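The structure appears below as structure tokens.
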There are 2 protein chains.
Amino acid sequence: MPAQTTERRREKPARARILDTATRLFYAEGVHSVGIDRIIAEAGVAKATFYNHFPGKDDLVRHYVTEESLRQRTLTAGLPAAPPRDTLHALFAYMCEVGGSPAYRGCPFVNTAAEYPDPAHPVRQAIDDHRRWMRGLFHDLLVADGHPDADRTAGILMLLRDGLVVGFDLDDPSALRATAREAVTRALR
Amino acid sequence: MPAQTTERRREKPARARILDTATRLFYAEGVHSVGIDRIIAEAGVAKATFYNHFPGKDDLVRHYVTEESLRQRTLTAGLPAAPPRDTLHALFAYMCEVGGSPAYRGCPFVNTAAEYPDPAHPVRQAIDDHRRWMRGLFHDLLVADGHPDADRTAGILMLLRDGLVVGFDLDDPSALRATAREAVTRALR
DNA sequence: ACGTTACCAGACAGATCTGTCTATTATCGG
DNA sequence: CCGATAATAGACAGATCTGTCTGGTAACGT
């Protein structure tokens, strides 16, 4: 019964541990394959604590998606200033770098959407938000680059982006890396 | 008690009813969201019958994938003879047609892969088979068209193909249809 | 010093899922 | 006509999943 060794203040707060663990497991194994019990066990959190922070699993999934979106937006915002076209190439180069990692399991948004068929579901709406942001990012960079027809080209870049995240997961990443830059160059031409 | 009204010979055999029902439900709602109980109920089949035909759910999923692959190969083989470049455009036009349907829920292979993280799993290997076939199809058509660098361009077409199936599921299909032909044309240039 | 807040441990209920098993019925080949 | 085959209905076991609830503990602010 002795007090647990914990100096709890040193650890991350419970909510953050839950979200971190959920993010890791959901991404690596899929949303429906990972149960709440496993998340609370690996997060080292009591069940009541989880349900104090989140109304239920769906809400945790929604936060998983929005947090991941926030992370990507922050990363993008932190890119060094550069000509818009360079930034576009840098974005795709970064995708290729991440996609080459052995832990790469595809795009968390695309993968999660595959498990939530109803487009009206809050999880899907969070995914839609992220995709709207990304399309807008492409569009704004193309406009800044003076590209004619920024709308349509942003659509093509979304196509390539989605193709890359799927391909890096399911095909040979090294072959794909070479293809990627070529495809982006052709698309921006 | 009274025989059931069945003239069983008139109906599709049980195995086909199982596969049809599984295909419909897996595609519409996702693999892990659909239980065996529901499949046998909607297929109008006894539980023992299911386990007589399939060793377990994973094997049913594998057959779902291979049957879907076979269906696409048969459809492709049945295309009217045409110059290879026309056939390529026809393939993408067909994707756009299918992707515009309100029941469209993305690519069954991509969606199923999202629920099977282990690349060594038989289900994933069946998906790999299908993707190899599709890449080979693009490659052969490009070679027949006299395209230089058929390898790399086939990779780009795979990129576009994957981007389309994701986009038709998650974005506005009508806007995407216009983008698609443009993107294919740019890629084949 | 004390009350509030956050957290922990774990039992519990109710649903659902996979897979096995029994017992029965219908159809077909020979 | 009869045995083999294939299908039916449904009970059952064991696991797992979500969500609730109880009771206790540790740290913090005031």
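From a predicted model like this one, the values you see are computed outputs, not experimental measurements. Order of the sequence lines sets the chain letters (A, B, ...), proteins ahead of strands, with each chain counted from 1.
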At a cut-off of 3.5 Å, list every protein nitrogen or oxygen paired with a nitrogen or oxygen from nucleotides 19-23 of chain D, distance to 0.1 Å.
residue	atom	partner	partner atom	Å
D:dG19	OP2	A:Tyr51	OH	3.4
D:dG19	OP2	A:Lys57	N	3.1
D:dG19	N7	A:Lys47	NZ	3.1
D:dG19	O6	A:Lys47	NZ	2.5

Which pairs with one or both residues in residues 159-171 of chain A pass side-chain hydrogen bond (donor to acceptor under 3.5 Å, both in side chains), sequence neighbours excluded?
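Found A:Arg131-A:Asp162, A:Asp171-B:Arg131, A:Asp171-B:Arg135.
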Pairs in or reaching into residues 80-99 of chain B: which pass side-chain hydrogen bond (donor to acceptor under 3.5 Å, both in side chains), with residues at least two apart or in two chains?
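Listed by first then second residue: B:Arg85-B:Asp145.
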Sequence neighbours excluded and cut-off under 3.5 Å, please list the side-chain donor-acceptor pairs for residues 41-49 of chain B, or say none.
residue	atom	partner	partner atom	Å
B:Glu42	OE1	B:Arg24	NH1	3.4
B:Glu42	OE1	B:Arg24	NH2	2.9
B:Glu42	OE2	B:Arg38	NE	3.0
B:Lys47	NZ	B:Asp37	OD1	2.9

Measure the shortest side-chain to side-chain distance between [X] and [Y] over non-hydrogen atoms and say whether it is less than 4.5 angstrom.
{"X": "A:Leu70", "Y": "A:Thr66", "result": "no"}
{"X": "A:Asp149", "Y": "A:Leu142", "result": "no"}
{"X": "A:Ser101", "Y": "A:Phe168", "result": "no"}

Verify whether one side chain among A:Thr185 and A:Arg181 offers a donor that lies under 3.5 Å from an acceptor in the other.
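No - no donor-acceptor pair under 3.5 Å links their side chains.
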Is the shortest side-chain N/O distance from A:Thr49 to OP1 or OP2 of C:dC8 below 4.0 Å?
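So the side-chain polar atoms of A:Thr49 do come within 4.0 Å of the phosphate oxygens OP1 or OP2 of C:dC8, strictly under.
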D:dA6, OP1 or OP2 - any side-chain N/O from B:Arg17 closer than 4.0 Å?
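No, no such contact exists.
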Axis-to-axis angle between the two ends of the helix from C:dA1-D:dT30 to C:dG30-D:dC1 (five base pairs per end, rounded to 10 degrees):
10°
Counting any heavy atom closer than 4.0 Å, what does A:His53 reach on the DNA or RNA strands: base, sugar-phosphate only, or nothing?
sugar-phosphate
Give me the residues of residues 113-127 of chain A where at least one heavy atom lies under 4.0 Å from an atom of DNA chain D, by number, or none.
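Contacting residues: none.
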